[in-house]
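Step one of this worksheet: look at the structure below.
Keep in mind that this is a model prediction, so the values were computed, not measured.
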Amino acid sequence: MDSNSKKAYLKLDLSDQDLEGLSTVHLKDTYCSNPDCSCGGAILYPSRLAGTGLDPWIELAKEIQFIVNVQTGEIQAKGPVSSLRQALQDCLHRCLDKRRLTQLRKRRQEVLRQHCEDGWNYRD
């Protein structure tokens with residue numbers, strides 16, 4: 001897995017969700033560098049939480065990941081089933097439009113180019 005970004009990829013507003021004290025979650029992006037892998041290519045995970053009273057959410061957020069198939073937009077959630085995971089997944093479904101999926105595809109292609117012997121010649 002590789003991340004080519006130092007800042008969060010996506011900021012999710014959870015103020016309309018019923019999650020006490022949690023208002024915003026920033027998701028960081030990581031990409032699979034194996035071109036033959038069928039995982040989908042992009043992994044999004046919580047990197048920063050904002051709000052008041054974050055203690056119950058911090059440990060739970062560390063175990064949550066979303067594997068996004070950059071071609072189809074399908075989202076697979078990993079980690080413990082919880083209200084936080086469901087709220088994040090619902091927000092992701094709303095946020096991942098055609099433009100964002102194109103961004104994820106391009107970012108994954110860059111990672112694949114960096115890890116290929118003929119990276120300059122790689123095509124997804």
What's the separation between atom [atom1] in [X] and atom [atom2] in [Y], rounded to the nearest 0.5 Å?
{"X": "K78", "Y": "Q76", "atom1": "NZ", "atom2": "CD", "result": "4.5 Å"}
{"X": "L92", "Y": "L10", "atom1": "CG", "atom2": "CG", "result": "6.0 Å"}
{"X": "R94", "Y": "L12", "atom1": "CZ", "atom2": "CG", "result": "8.5 Å"}
{"X": "R113", "Y": "R108", "atom1": "CZ", "atom2": "CZ", "result": "12.0 Å"}
{"X": "L104", "Y": "L96", "atom1": "CG", "atom2": "CG", "result": "6.5 Å"}

Qualifying residues under side chain to side chain contact (heavy atoms under 4.5 Å, CB included), relative to R99, sequence neighbours excluded: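 Partners of R99 under the side chain to side chain contact (heavy atoms under 4.5 Å, CB included) test: D97, Q103.
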Quick one, [X] and [Y] - any side-chain contact, counting heavy atoms below 4.5 Å?
{"X": "Y9", "Y": "R107", "answer": "yes"}
{"X": "L88", "Y": "L14", "answer": "yes"}
{"X": "I67", "Y": "I75", "answer": "no"}
{"X": "I43", "Y": "V68", "answer": "no"}
{"X": "W57", "Y": "S83", "answer": "yes"}

Atom of [X], atom of [Y] and distance for their closest heavy-atom approach:
{"X": "G51", "Y": "S23", "answer": "CA-OG, 3.6 Å"}
{"X": "L27", "Y": "S47", "answer": "C-OG, 4.3 Å"}
{"X": "I64", "Y": "Y45", "answer": "O-CB, 3.7 Å"}
{"X": "A61", "Y": "L49", "answer": "CB-CD1, 3.9 Å"}
{"X": "L112", "Y": "C32", "answer": "CD2-O, 3.9 Å"}
{"X": "V25", "Y": "P46", "answer": "CG1-CB, 3.9 Å"}

Residue list, side chain to side chain donor-acceptor pair (under 3.5 Å) with [X], at least two apart or on another chain:
{"X": "E20", "answer": "none"}
{"X": "T72", "answer": "none"}
{"X": "R48", "answer": "H26"}
{"X": "T24", "answer": "none"}

Enumerate the side chain to side chain donor-acceptor pair (under 3.5 Å) contacts for residues 58-69, please, sequence neighbours excluded, ordered by first and then second residue.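 Counting only pairs at least two positions apart or across chains, the side chain to side chain donor-acceptor pair (under 3.5 Å) contacts touching residues 58-69 are E59-K62.
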Short side-chain to backbone donor-acceptor contact, R85 and G79, under 3.5 Å: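 At least one qualifying donor-acceptor pair exists.
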If only side-chain N and O atoms count, and only distance matters, is there a donor-acceptor pair under 3.5 Å linking R105 with T102?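 Checked: T102/R105 side chains pair up, N/O donor to acceptor below 3.5 Å.
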